[in-house]
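Note on naming: letters A, B, ... go to the chains in the order of the sequence lines (proteins, then strands), and numbering restarts at 1 for each one.
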Protein chains: 2
Amino acid sequence: MTRKTAERRGALRDRLIDIAEVRMRDGGIAALRARDLAAAAGCAVGAIYNVFDDMTGLILSVNGRTFRRLGKDVSEKVAEVAEAPPVERLVTMAKAYLVFAAENPRLWRSLFDVEMSVDQDVPAWYLDELGRLFSIIAAPLAELHPDKSASEIDLMTRALFSSIHGIVLLGLERRISGVPVGQIESQIEFVLRNIATAR
Amino acid sequence: MTRKTAERRGALRDRLIDIAEVRMRDGGIAALRARDLAAAAGCAVGAIYNVFDDMTGLILSVNGRTFRRLGKDVSEKVAEVAEAPPVERLVTMAKAYLVFAAENPRLWRSLFDVEMSVDQDVPAWYLDELGRLFSIIAAPLAELHPDKSASEIDLMTRALFSSIHGIVLLGLERRISGVPVGQIESQIEFVLRNIATAR
């Protein structure tokens, strides 16, 4: 591939991600149609598949951006309270997660609407991003539990993240089984204070 | 409507629910097509809409069955340990929830794939079913926290259910952010023992 061709492909790739991001922000994954995307990007439908393996590849690229923004938000918020006790830092992170989800409901949901299991070939950059996010959750947990091994802390990180995710998910969707929106924050805090400091 | 017409409609309704249930069990909501359902039930496509307002009405009826089975499973399991301390009863219920979700993955997911928010007209029988399930979770919580008001216990019930749901959801989907399948049970127990007995 000549340099010019590579540049053109790269530009088309970025343009498609920009367009898809706006559509997913407004309508979720269901709002993506190859034909519309091609029209908006000024390319042939087939050209999409020259720069992405399939629509999932495009969605993953948008999700990658969302995930990096989420990671950045959470990191920045926790950096502001770097000197606070570990539990406060966990609460700060969980609240940042809630705010991000509330402000980007469809982009956030799209992160979980793509199948992405431990049995699949998940892109390495995505796993790295997840590792980074989990390591900032694990740090205060390790301070609270200096006796626990790294794998125990990892498990606790996952259980804690999943719990907060469940409360945010059912709560923000205003599901009949969820925590009322106005109480999500206090319930996240309640759960975190008790799990994080658990024996 | 004559009695005979009513009976015929009722029979078609039941037949459609039976057929839809099998399809949703195997392929989730996405596997439902009005044309296929009509062919399998031996009726015209339009006849479906004589007995259900729309496809969501049919899905809700299947979900109702699933939800009642779930409620029955959880109630039976907890009845077996009626004399156990409150935390043990909560752990028993959460494990029954996990087992039900693991054994009925698509039917269970379908419960959450239908929009069902507090802003909508959710059928009264569905809310009753939810109320029943939540009251059996609330009972041991109220024993553990005799000082808390009914609305505080309700909030705790929701936070606790959401947390367990999050762990089960991300875990069973084997998501890269979830708790590994073999550890879901122990993490549910860990979370419950700490939240449920919290101050």
Q) Is it the case that more than 12 heavy atoms not belonging to B:E115 sit under 6.0 Å from its CD atom? A) no
(Q) Please determine whether residues A:W125 and A:L58 belong to a single hydrophobic cluster, defined as Ile, Leu, Val, Met, Phe, Trp and Tyr linked transitively by side-chain heavy-atom distances below 4.5 Å. (A) yes
(Q) If we define contacts as heavy-atom pairs under 4.5 Å, which of B:G166, B:S117, B:S162 has the most with chain A? (A) B:S162
Q: Let me know if B:I188 has heavy atoms under 4.5 Å from chain A in its side chain, its backbone, both or neither.
A: neither
Q) Would you say A:E185 has more than 12 foreign heavy atoms packed within less than 6.0 Å of its CD? A) no
Q.
To the nearest 0.5 Å, what is the distance between CD1 on A:I195 and CD on B:Q187?
A. 9.5 Å
Q | Greater than 12 external heavy atoms within 6.0 Å of B:D147's CG | A | yes
Q | Heavy atoms from other residues, nucleotides or ligands near CD of A:E173 exceed 12 (cutoff 6.0 Å) | A | yes
(Q) Just verifying a value: how many Å separate A:F190 CZ and B:M156 CE, rounded to the nearest 0.5 Å? (A) 3.5 Å
(Q) Can you confirm whether more than 12 heavy atoms, excluding those of B:E83, are under 6.0 Å from its CD atom? (A) no
Q) Given the rule that I, L, V, M, F, W and Y join up when any side-chain heavy atoms are under 4.5 Å apart, are A:V45 and A:F52 in one cluster? A) yes
Q: Please state whether the side chain, the backbone, both or neither of B:F112 comes within less than 4.5 Å of a heavy atom of chain A.
A: both
Q: Against chain B, label A:L127 side chain, backbone, both or neither, depending on which of its atoms sit under 4.5 Å from a heavy atom there.
A: side chain
Q. Is there a chain of hydrophobic side chains (I, L, V, M, F, W, Y, each step under 4.5 Å between heavy atoms) that links A:V62 to A:V114?
A. yes
Q.
For chain B, which candidate among A:L155, A:D154, A:V191 shows the most heavy-atom pairs at distances under 4.5 Å?
A. A:L155
**Q.** B:D53 CG: over 12 foreign heavy atoms closer than 6.0 Å
**A.** no
**Q.** Atom group of A:V122 that falls short of 4.5 Å from chain B, counting heavy atoms
**A.** side chain
Q: Enumerate by number any residue of residues 175-184 of chain A whose heavy atoms lie under 4.5 Å from heavy atoms of chain B; in the absence of such residues, state 'none'.
A: A:R175, A:I176, A:S177, A:G178, A:V179, A:P180, A:Q183
(Q) Is there a path of hydrophobic side-chain contacts, each under 4.5 Å between heavy atoms, that joins A:V99 and A:I164? (A) no
Q | Interface moiety of B:L172 toward chain A, non-hydrogen atoms closer than 4.5 Å | A | neither
**Q.** Same cluster (ILVMFWY, side-chain, under 4.5 Å), B:V51 and B:Y49
**A.** yes
(Q) Please classify the contact between A:I167 and chain B as side chain, backbone, both or neither, with a heavy-atom cut-off of under 4.5 Å. (A) both
